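What's counted below: heavy atoms across the whole structure, side chains too, no hydrogens, waters or symmetry copies. Worth saying up front: this structure is predicted, and the values here are computed from it rather than measured. Convention: sequence-line order gives letters A, B, ...; per-chain numbering from 1.
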Protein chains: 2
Amino acid sequence: MINCSSSEDKIKDAAKRVFILKGFSGCTSREIARESGMNVALVNYYFRSKDKLFQIIFQAVLEEFMLSMFSVFSSDASLKDKIKILIEREYEFISKNPEIPGFIINELSRENKESSEVVEMLNKISASGVMKQAEEAQKKGEMRKIDIIGISLLVTSNCQYPFMAKSLLQKMNGLSDKVYLEYLETHKKNVTEMILTYLFPNPIIN
Amino acid sequence: MINCSSSEDKIKDAAKRVFILKGFSGCTSREIARESGMNVALVNYYFRSKDKLFQIIFQAVLEEFMLSMFSVFSSDASLKDKIKILIEREYEFISKNPEIPGFIINELSRENKESSEVVEMLNKISASGVMKQAEEAQKKGEMRKIDIIGISLLVTSNCQYPFMAKSLLQKMNGLSDKVYLEYLETHKKNVTEMILTYLFPNPIIN
DNA sequence: ACTTTATTTAAACACTTGTTTAAAACATGC
DNA sequence: GCATGTTTTAAACAAGTGTTTAAATAAAGT
């Protein structure tokens, strides 16, 4: 497998891998250089500092993460379908990138980092009209009274946590990687049914 | 406020605070020394190394965390009540120690750390008889078919994640600390109802 | 060809890291 | 008093940190 991308991209790719896996303070510039096949000076030649490089990676990962999560809101599906798809998307994305949620949450709380991506996301969500859609569904008595924050909190909690706590749960129950990930697939079915029947009870409870 | 505990305890207390807040690789021995009012050499005088000190802290925090979570299992309450109390306990503990779940999960996956506490916990849980209690409840058609791992995964996901993702959620929605924590209290009610009506549906679905 | 610019390298820089040393201060028992 | 063992300190150590330097190489422009 030949890597024929530019030196800058090689460093960026390696940095993404290493930062996500070990966090900013858990790795060194030299480790990133080694991982990318370059040397230390090149890292700073292209990115000026470990810190600047990290900011670039972090913003990119954050955007990828948020977009994957919430792009479903701007479709024209029904609210119930949107939530069903959202759970599906979440599980799919995190299955491929299991360390990203923890990475973002950790680094975001490391110091009070200003991140334009995060605030922009809220705007995109409210611009998608999903909040009005929720209000209408509630007025019609189709959905339980709960705001969009609560809904996404329910979804992300039940989708992200099982992957984040993999190490803990695995050790507690003595499960192999394979078995644990299989288990999470059946857990997904439980989560989906639980959330949907809670949000859209029949008959409505409110 | 006078701190009249021994030097060893002062260091241990400071180490606990600093490690939980910043993680093993996010802090230095000198920071722990400063935080405890001692100097660097004393840290190693009492604990031989940063690593040994960390192991001591980590095991203690882990035990505190697991015990608080699962001691409820060995009571003689009904299964439904146990789960209700478990959620209550979780929220209470994490409200007081919001960084502990993330700390444990992060450090446990930093490298494949062997931790006797974690495996011992499983034994305690199965010794409590809660698993048989669950089986019986399922046979009687009182509870949905789901194993104890799935149940605790549901509970911990919905209790721990909202605190772990505080930084992210706060920034996304522009909420102050006070408002966010208030929000989590109403979220707790949702979570409790959601989990209980899912696990104990009426009529039973299985 | 030559000049200029961009890329890459090895080496060094100043500083921080975990850890150790050796001496000082303190306590306790006689 | 002195001797003994414990606790505390400042200073040092080697190794590792992020970063810079200055020279070497490659690329591009004319």
Side-chain angles (χ1 to χ4, degrees), chain A residues 1-61 103 106-108 110-114, chain B residues 1-61 103 106-108 110-114:
Chain A
M1 187 164 94
I2 297 163
N3 192 343
C4 55
S5 52
S6 73
S7 299
E8 188 174 348
D9 284 343
K10 281 191 219 165
I11 295 172
K12 222 145 80 169
D13 290 350
K16 185 179 172 185
R17 262 177 286 134
V18 176
F19 277 142
I20 287 179
L21 205 63
K22 308 198 170 185
F24 177 80
S25 53
C27 71
T28 70
S29 307
R30 282 170 176 80
E31 189 176 358
I32 293 172
R34 199 182 327 121
E35 186 76 12
S36 64
M38 310 282 107
N39 71 36
V40 211
L42 265 189
V43 175
N44 274 26
Y45 173 73
Y46 282 111
F47 300 97
R48 299 180 49 96
S49 75
K50 184 191 178 189
D51 219 89
K52 293 247 170 53
L53 173 56
F54 180 82
Q55 299 306 332
I56 291 171
I57 301 295
F58 183 76
Q59 291 300 327
V61 172
F103 168 69
N106 287 333
E107 298 298 336
L108 212 53
R110 188 161 49 87
E111 38 188 335
N112 270 13
K113 207 185 308 292
E114 279 296 319
Chain B
M1 186 165 96
I2 296 163
N3 192 343
C4 54
S5 52
S6 72
S7 299
E8 189 173 348
D9 284 342
K10 279 191 221 168
I11 294 171
K12 221 144 80 171
D13 291 350
K16 185 178 173 184
R17 262 176 286 133
V18 175
F19 277 142
I20 288 179
L21 205 63
K22 308 197 171 187
F24 178 79
S25 54
C27 72
T28 70
S29 306
R30 282 170 174 81
E31 188 176 358
I32 293 172
R34 200 183 325 121
E35 187 75 12
S36 63
M38 311 283 106
N39 71 35
V40 210
L42 264 190
V43 175
N44 276 25
Y45 173 74
Y46 282 111
F47 300 97
R48 301 181 49 94
S49 74
K50 184 192 178 188
D51 219 89
K52 293 247 171 49
L53 174 55
F54 180 81
Q55 299 307 330
I56 292 171
I57 301 295
F58 183 75
Q59 290 300 326
V61 172
F103 168 68
N106 286 334
E107 298 297 336
L108 212 53
R110 187 160 50 87
E111 39 189 335
N112 269 12
K113 208 185 309 289
E114 279 296 319

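Rounded to whole Å, the distance from CZ on B/Phe54 to P on C/dT17 is 17 Å. Between the CE atom of A/Met38 and the P atom of C/dT8 there is a distance of 7 Å, given to the nearest Å. For the pair A/Asn44 CG and C/dC13 P, the interatomic distance rounds to 18 Å; values are reported in whole Å. Rounded to a whole Å, the CD1 atom of B/Ile32 is 11 Å from the P atom of C/dT19. D/dT17 atom P lies 16 Å from atom CG of A/Asp51, rounded to whole Å. Distance, A/Arg34 CZ to D/dG18 P: 11 Å, rounded to whole Å. Note: CG (A/Leu42) to C1' (D/dT25) measures 12 Å, nearest angstrom. The OH-C1' distance, from B/Tyr46 to D/dT9, rounds to 13 Å in whole Å.
Between B/Phe24 and B/Phe19, the two ring planes are parallel [angle under 30°; tilted spans 30° to 60°].
Side-chain nitrogen and oxygen atoms of B/Tyr45 include none within less than 4.0 Å of the OP1 or OP2 phosphate oxygen of C/dT19. When the side-chain nitrogen and oxygen atoms of A/Ser29 are compared with OP1 and OP2 of D/dG18, one or more of them lie within a distance under 4.0 Å. One finds no side-chain N or O of A/Ser7 lying less than 4.0 angstrom from the OP1 or OP2 phosphate oxygen of C/dT7.
Summary of the strand contacts: B/Val40 and A/Ala41 both lie near DNA chain D, and taking for each the nucleotide with the nearest heavy atom, the more 5' one is attributed to B/Val40.
Between B/Glu31 and B/Arg34, none of the side-chain N atoms (NZ, or NE/NH1/NH2) sits under 4.0 Å from a carboxylate O, so this pair counts as no salt bridge.
For B/Asn39, counting side-chain heavy atoms from C-beta on, the closest listed nucleotide (D/dT17, D/dA10, D/dT19) is D/dA10. For A/Arg30, whose side chain is taken as the heavy atoms from C-beta onward, the closest listed nucleotide among C/dT7, C/dA12, C/dT19 is C/dA12.
Under the 6.0 Å distance and 45° angle rule, A/Arg110 counts as a cation-pi partner of A/Phe54.
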Audit row: B/Phe47, B/Lys12, side chain to side chain contact (heavy atoms under 4.5 Å, CB included) steps and yes/no: CA-CA 9 Å; B/Phe47 300 97; B/Lys12 221 144 80 171; 3.8 Å; yes

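Looking at heavy-atom distances under 4.0 Å, B/Phe47 makes no contact with the nucleic acid at all.
The two residues B/Lys50 and B/Asn44 come nearest to each other via the heavy atoms N-OD1, 4.1 Å.
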